[in-house]
2 protein chains.
Amino acid sequence: MAKANATRPPTRIQREKTEAILAAALDVFSAQGFRGATLDEIARAAQLSKPNLLYYFPSKEAVHHALLTRLLDTWLDPLRQLDPDGDPLTELRAYIQRKLEMSRDYPRESRLFANEILQGAPRIGDQIQDTLKQLVDEKAAILRAWSDAGRIAPVDPHHLIFSIWATTQHYADFEVQVRGILGASEDGYFHDAAQFLAQLYTSGLTPKG
Amino acid sequence: MAKANATRPPTRIQREKTEAILAAALDVFSAQGFRGATLDEIARAAQLSKPNLLYYFPSKEAVHHALLTRLLDTWLDPLRQLDPDGDPLTELRAYIQRKLEMSRDYPRESRLFANEILQGAPRIGDQIQDTLKQLVDEKAAILRAWSDAGRIAPVDPHHLIFSIWATTQHYADFEVQVRGILGASEDGYFHDAAQFLAQLYTSGLTPKG
DNA sequence: CTGTTGTTTGACCAAGCGGTCAAATCCCAC
DNA sequence: GTGGGATTTGACCGCTTGGTCAAACAACAG
């Protein structure tokens with residue numbers, strides 16, 4: 001058995017196949033949700049037989065879990081980059097821009113998380129309570145400090161973060177709706193979205209002189 | 001057969017059972033998505049046997065479709081109420097408030113739609129392209145007129161609507177995450193959210209003097 | 001070349017799925 | 001009360017699901 005000895009380094013084939021499986025799983029899970037996805041579909045997308053897939057991961061749940069934990073770090077990177085020593089409005093605009101680019105460049109990842117949260121986060125609830133809450137509280141403290149110092153308008157920092165998440169991720173999670181309303185052909189709506197959000201948050205957060 | 005003659009008015013039992021099924025289906029579909037939901041689970045929640053449920057609806061898809069079309073009108077009501085003759089900022093604040101109250105009072109409906117859109121709206125795509133787009137374009141024209149007249153700041157009206165949807169529905173669709181970050185006990189966060197959003201959009205949309 | 005380990009697969013299984021059907025039961029107007 | 005339509009259900013069907021297993025096959029070190 002390959003996986004029995006955990007200390008042995010992964011072979012080339014193990015690395016390649018594991019990667020292919022996770023890539024295929026991202027496609028399927030993000031489009032169908034956990035319960036809607038099937039191992040057959042993931043295996044087919046990864047060009048493997050189902051028993052072969054289960055040779056690399058012990059269960060469907062294991063594939064899903066590996067995918068989520070692997071992507072959580074990437075997903076939180078934009079927030080992590082928020083610099084307490086930078087100019088507040090510049091930092092926030094940059095954060096919004098980064099998040100919007102994530103929605104544009106990694107919509108499947110966004111929908112993967114959205115699916116999981118929507119259904120009550122039954123398979124990632126712990127990590128939300130731990131990693132995520134800790135990071136958000138830390139960054140909220142920075143926002144509060146800026147707010148208290150009069151460098152941005154006085155706002156609830158948690159709800160500010162929520163609103164940035166919501167407005168940016170909307171373009172990935174509700175892409176079908178956005179395209180349906182703006183017209184399927186129009187492809188450059190991310191530029192308009194960026195401009196709108198930059199303006200909204202700039203005007204909305206500039207402290208009153 | 002009961003349903004064979006479509007012209008006959010529904011009996012008391014038909015009204016009651018149909019209602020019970022749709023109520024149960026809302027619970028299950030909003031929590032599990034279409035593919036994740038099962039007829040057995042819906043039937044159990046409605047206190048019916050599965051064949052009995054299928055006596056009132058011809059298929060799982062029919063239950064889902066009936067639920068979506070029945071709720072779409074309710075869901076779009078807040079936007080429909082946007083009054084072109086009112087004061088722009090007052091109208092927008094009222095719209096945001098109504099949408100936020102929808103998220104607070106009807107989170108299952110919000111998640112039902114979110115699930116459907118997230119997965120590409122395969123069962124409601126037509127109605128988005130028709131009813132929804134028409135309403136949004138109509139209201140966007142009002143916003144554009146306000147914007148052109150200098151009564152609100154110059155913003156892209158479609159993206160303004162998207163941002164209001166996103167920020168308000170976030171509290172229903174991502175409820176687990178919100179509660180996980182704010183602390184499960186705290187229950188009055190809708191008040192804080194309302195205040196935050198009112199301030200953001202008031203400052204963000206007030207035209208520059 | 002050879003043996004050992006790593007990899008792949010076809011056949012299979014129990015459980016659950018959406019849906020059907022005939023028979024039983026219920027409801028209510030007459 | 002009773003007859004006929006409305007309602008309910010247990011048994012069942014074909015199919016898909018996640019997962020198992022033994023056997024076959026490939027890779028690679030010696």
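Below, chain A is the first sequence line, B the second, and so on; all start at residue 1.
Between Thr167(A) and Phe196(A) the shortest side-chain heavy-atom distance does not fall below 4.5 Å.
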I'd like to compare against my own output: the B/S/- annotation of nucleotides 10-22 of chain D with a strict under-4.0 Å heavy-atom distance to protein.
BB-----SBBBB-

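Side-chain nitrogen and oxygen atoms of Tyr56(A) include none within less than 4.0 Å of the OP1 or OP2 phosphate oxygen of dG6(C). Between dT7(C) and Asn52(A), no contact under 4.0 Å exists linking OP1 or OP2 to a side-chain N or O. Within the structure, every side-chain polar atom (N or O) of Tyr55(B) is placed at least 4.0 Å from both OP1 and OP2 of dT8(D). Put simply, Gln14(B) has no side-chain N or O that comes within less than 4.0 Å of OP1 or OP2 on dA6(D). Here Lys17(A) reaches the OP1 or OP2 of dT8(C): one of its side-chain N or O atoms lies under 4.0 Å away.
Separating the CG atom of Leu53(B) from the P atom of dC17(C) is a distance of 14 Å, rounded to the nearest angstrom. Note: CD (Glu16(A)) to C1' (dT8(C)) measures 15 Å, nearest angstrom.
Between the side chains of Ser163(A) and Tyr201(A), at least one donor-acceptor pair of N or O atoms lies under 3.5 Å.
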As a quick check of understanding, evaluate side-chain hydrogen bond (donor to acceptor under 3.5 Å, both in side chains) for Gln97(B) and Glu101(B), giving each step before the final call.
CA-CA 6 Å; Gln97(B) 184 63 27; Glu101(B) 284 166 4; 3.1 Å; yes

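Taking a cutoff of 4.0 Å between a charged side-chain nitrogen and a carboxylate oxygen, Glu116(B) and Arg123(B) qualify as a salt bridge.
Taking the ring centroids of Phe57(A) and His65(A), they lie at or beyond the 6.0 Å cut-off.
For the residue pair Tyr189(A) and Leu182(A), the shortest heavy atom distance occurs at CB-CD1, 3.5 Å.
The stretch residues 21-30 of chain B has no heavy atom under 4.0 angstrom from DNA chain C at all.
Note that the CG atom of Asp173(A) and the CG atom of Asp173(B) stand 9.0 Å from one another [nearest 0.5 Å].
Side-chain atoms of Glu91(B) do not come within 3.5 Å of backbone N or O of Leu82(B) as any donor-acceptor pair.
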